[in-house]
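Written below as structure tokens is the structure these notes are about.
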Amino acid sequence: AANFADKNVGTTKSVSVTGIGLTGTDSGNYTFNTSTSTTANITQRALTISATGINKVYDGAISGTVTLGDNRLVGDVLTASYTAANFADKNVGTTKSVSVTGIGLTGTDSGNYSFNTTASTSADITQRALTISATGTNKVYDGAATGTVTLGDNRVTGDVLTTSYTAANFADKNVGTTKSVSVTGIGLVGTDSGNYTFNTSTSTTANITPRALTVSATGTNKVYDGAATGTVTLGDNRLVGDVFTASYTAANFADKNVGTTKSVSVTGIGLTGTDSGNYSFNTTASTSANITPRALLISATGSDKIYDGLTGATVTLSDNRVSGDALTTSHAAANFVDAAVGSSKQIDVTGIGLAGTDSGNYTFNTLATAFANILSIGSQLPVITPPTVPSTTISLPVEIPSSVASSISTATSGVTLSPLGVNIPNTVKKATQNPFPEISVDHIPEFLLYDDEWQKRQYRLPRLGMLR
């Protein structure tokens, strides 16, 4: 045997040689030592340290992990390590080169080896699962279910990515809070996009708030009707296609009177219909409109009269005013077309006027036509039994021409007329129907005597009481 003092590397190491033997033809001729010593070197063994790459999920870095292996002698106590194992780049790929550097060796037997301090291997970098989330953006009702979201993700810090989506839709178009929003067509682009897998759809929530609807009013002109109430047409800025109906409870002018561009206040505005809940709206509005004068028809009713040789007539005016209005009607003249006796004779009424608090609210006719009768004198004097009076000759206060008196005497049955007086018999004829409605029948101021032509002349005598 020849044994070093130990197994370890060293120079000029002592070697003990034992069990020296001698053989051969002449071996018997010698004596010899059976042991000796010497020196020798033990040099380091070349250790090959290899690396096996470990696949990793993309993490945005080139650093990797390897497992070291070596061809050490069995039983030697060694620990191999490294300071770095780097891929050529950070990106996803298969069988990517990994450079291992800073390989070191420690342990009881490490000094006995020389070893490589670098190595290379390969491994895969697989895609990272990117979770793309969405945050819904509240919107004002716009009649559509489309929405807007902001995308977020859990990318590796510093990576250059751009996320996008093709659609974000609410479940329906209507106003609501925490409404579900479905996001579809999610995409990923950018320098580092190839290093990720990602979801192409997600969901979130957001609110749709009511749209401010402006309800406006257009006033409708009206003819004066004695009331302040008005009518308007409502309009609004609704979205095209939305279904609802605007209404109001009252539209009132400032007052009832005629005027132009008068203020109209609209109150109690309401909204009903399928899409009404998607809007907030004003409940009052104002507009303007005209109240135009009402056409007042002033009519005249003629009063019958007894022939008096004049065309003057008496009429009573009436009209179709609004109930309760304060009006006074008047006229300047009312005349029959002529003075002759007749039935249903036309009366022309002129100079009609209107006064009073509410007169300014009307237009009116200034002319009117009526009809009435001009009665013959006798037609109003039915015969009654007169009282008995003494026969007396009394001078009349009016002068009656003798030519007329002679012609009347035959028609008056017992009454003799003369230019200066009249002989009143014991019986006379007196009217029982009062021809003068303004005076009591017991105070008829005159007797009427007619000539034989009956309608041509009338003579008025003082009543009997004045003749006594």
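Residue numbers start at 1 and run along the sequence shown. Nothing here was measured: the structure is a model prediction, and the numbers come from that model.
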Practice prompt. Give, for atom CG of Asn195 and atom CG of Asp159, the distance between the pair rounded to the nearest 0.5 Å.
Written response: 6.5 Å
Worksheet entry | Beyond-backbone contact of Leu327 with Tyr362, side-chain heavy atoms, under 4.5 angstrom | yes
Fill in: Trace of the side chain to side chain contact (heavy atoms under 4.5 Å, CB included) decision for Thr121 with Thr67
CA-CA 10 Å; Thr121 186; Thr67 301; over 6 Å; no
Discussion item. Please give me the minimum heavy-atom distance between Ala370 and Gly302, naming the atom from each residue.
Written reply: CB-N, 3.6 Å
Fill in: Asn55: partners by side chain to side chain donor-acceptor pair (under 3.5 Å), with sequence neighbours left out
none
Worksheet entry | Side chain Thr287, main chain Ala217, donor-acceptor under 3.5 Å | yes
Worksheet item: Between Ser288 and Thr261, is there a donor-acceptor pair closer than 3.5 Å when you use the side chain of the first and the backbone of the second?
Response: no
Item to complete: Of all the heavy-atom pairs spanning Asp255 and Ile291, show the shortest one and how long it is.
Response: O-CD1, 3.9 Å
Worksheet item: Would you say the side-chain atoms of Asp348 and Asn335 include a donor-acceptor pair closer than 3.5 Å?
Response: no
Fill in: Side-chain donor/acceptor of Gln127 to backbone N/O of Gly194, under 3.5 Å
yes
Worksheet item: Is there a donor-acceptor contact under 3.5 Å from the side chain of Asp236 to the main chain of Leu213?
Response: no
Worksheet item: Is it true that Asp338 and Lys345 make a salt bridge, defined as a side-chain N closer than 4.0 Å to a carboxylate O?
Response: yes
Item to complete: Decide yes or no for Asn199 and Ile186: does some side-chain heavy atom of the first lie under 4.5 Å from some side-chain heavy atom of the second?
Response: yes
Worksheet item: When you look at Lys179 and Asn207, which way does the side chain to side chain contact (heavy atoms under 4.5 Å, CB included) test go after all the steps?
Response: CA-CA 6 Å; Lys179 291 176 68 77; Asn207 302 332; over 6 Å; no
Worksheet item: When you measure from the side chain of Tyr248 to the backbone N and O of Val232, does any donor-acceptor pair fall under 3.5 Å?
Response: yes
Show me, pair by pair, the donor-acceptor contacts under 3.5 angstrom made by side chains of residues 221-230, not counting sequence neighbours?
{"residue": "Asn221", "atom": "OD1", "partner": "Asn290", "partner atom": "N", "Å": "2.8"}
{"residue": "Lys222", "atom": "NZ", "partner": "Asp225", "partner atom": "OD1", "Å": "2.7"}
{"residue": "Lys222", "atom": "NZ", "partner": "Asp225", "partner atom": "OD2", "Å": "3.3"}
{"residue": "Lys222", "atom": "NZ", "partner": "Ala227", "partner atom": "O", "Å": "2.8"}
{"residue": "Lys222", "atom": "NZ", "partner": "Thr229", "partner atom": "O", "Å": "2.6"}
{"residue": "Tyr224", "atom": "OH", "partner": "Asp325", "partner atom": "OD1", "Å": "3.1"}
{"residue": "Tyr224", "atom": "OH", "partner": "Asp325", "partner atom": "OD2", "Å": "2.7"}
{"residue": "Asp225", "atom": "OD1", "partner": "Ala227", "partner atom": "N", "Å": "3.0"}

Worksheet item: Going from CZ on Phe170 to OG1 on Thr148, what distance comes out if it is rounded to the nearest 0.5 angstrom?
Response: 8.0 Å
Worksheet item: Say you draw a straight line from CG of Leu317 to OG1 of Thr301; how long is it, rounded to the nearest 0.5 Å?
Response: 8.5 Å
Practice prompt. Give the C-alpha distance, both sets of side-chain angles, the deciding distance and a yes or no for side chain to side chain contact (heavy atoms under 4.5 Å, CB included) between Leu354 and Thr328.
Written response: CA-CA 6 Å; Leu354 194 65; Thr328 301; over 6 Å; no
Worksheet item: With sequence neighbours left out, what residues match Arg321 under side chain to side chain donor-acceptor pair (under 3.5 Å)?
Response: Asp319
Fill in: Atom of Ala246, atom of Val215 and distance for their closest heavy-atom approach
CB-CG1, 4.5 Å
Worksheet item: Is a side-chain N or O of Ser201 found less than 3.5 angstrom from the main chain of Val183, in a donor-acceptor match?
Response: no
Fill in: Side-chain donor or acceptor of Lys305 paired with backbone N/O of Ala372 under 3.5 Å
no
Worksheet entry | Any side-chain heavy-atom pair of Thr202 and Ile132 under 4.5 Å | no
Worksheet item: Side chains of Arg155 and Leu130: closer than 4.5 Å at any heavy-atom pair?
Response: yes
Worksheet, complete the sentence: Scanning both residues in full, the closest heavy-atom pair of Thr363 with Pro293 reads CG2-CB, 3.6 Å
Practice prompt. Please check if the side chain of Thr249 supplies one atom and the backbone of Thr267 the other of a donor-acceptor pair under 3.5 Å.
Written response: yes
Worksheet item: Of all heavy-atom pairs between Ile347 and Phe371, which one has the smallest distance, and what is that distance?
Response: CD1-C, 4.3 Å
Worksheet item: Can you find a pair of side-chain heavy atoms, one from Arg211 and one from Asn278, that are under 4.5 Å apart?
Response: no
Worksheet item: Does the pair Asp124/Lys56 count as a salt bridge with the N-to-O cut at 4.0 Å?
Response: no
Worksheet item: When rounded to the nearest 0.5 angstrom, what distance separates CG in Leu239 from CG in Asp275?
Response: 8.5 Å
Discussion item. Contact between Val66 and Ile54 at the side-chain level, heavy atoms closer than 4.5 Å - yes or no?
Written reply: no
Item to complete: Taking the side chain as every heavy atom from C-beta outward, state whether Tyr279 and Asp242 have any atom pair closer than 4.5 Å.
Response: yes
Worksheet entry | Test item: Thr283 side-chain N/O and Ile269 main-chain N/O as donor-acceptor pair under 3.5 Å | no
Fill in: Rounded distance (nearest 0.5 Å) linking atom OG of Ser50 with atom CG of Leu68
7.5 Å
Worksheet entry | Residue of the set Val315, Ile298, Leu367, Thr350 for which side chain to side chain contact (heavy atoms under 4.5 Å, CB included) holds with His331 | Val315
Worksheet item: At their closest point, which heavy atom of Ala355 faces which heavy atom of Ser359, and how far apart are they?
Response: C-CB, 3.7 Å
Worksheet item: So, the side chain of Asp304 versus the backbone of Asn373: is there a donor-acceptor pair under 3.5 Å, distance only?
Response: yes
Discussion item. Side chains of Ser299 and Ser318: any donor to acceptor distance under 3.5 Å?
Written reply: yes
Worksheet item: Atom CD1 in Ile125, atom CG in Asp59: separation rounded to 0.5 Å?
Response: 7.0 Å
Discussion item. Apply side chain to side chain contact (heavy atoms under 4.5 Å, CB included) to residues Val98 and Asn86 and explain how you reach the verdict.
Written reply: CA-CA 5 Å; Val98 179; Asn86 292 315; 5.9 Å; no
Discussion item. Whether Arg238 engages the ring of Phe244 as a cation-pi pair (distance to the six-membered ring centre under 6.0 angstrom, angle to the ring normal within 45°) should be assessed.
Written reply: yes
Fill in: Salt bridge present between Asp192 and Lys90 (N-O < 4.0 angstrom)
yes
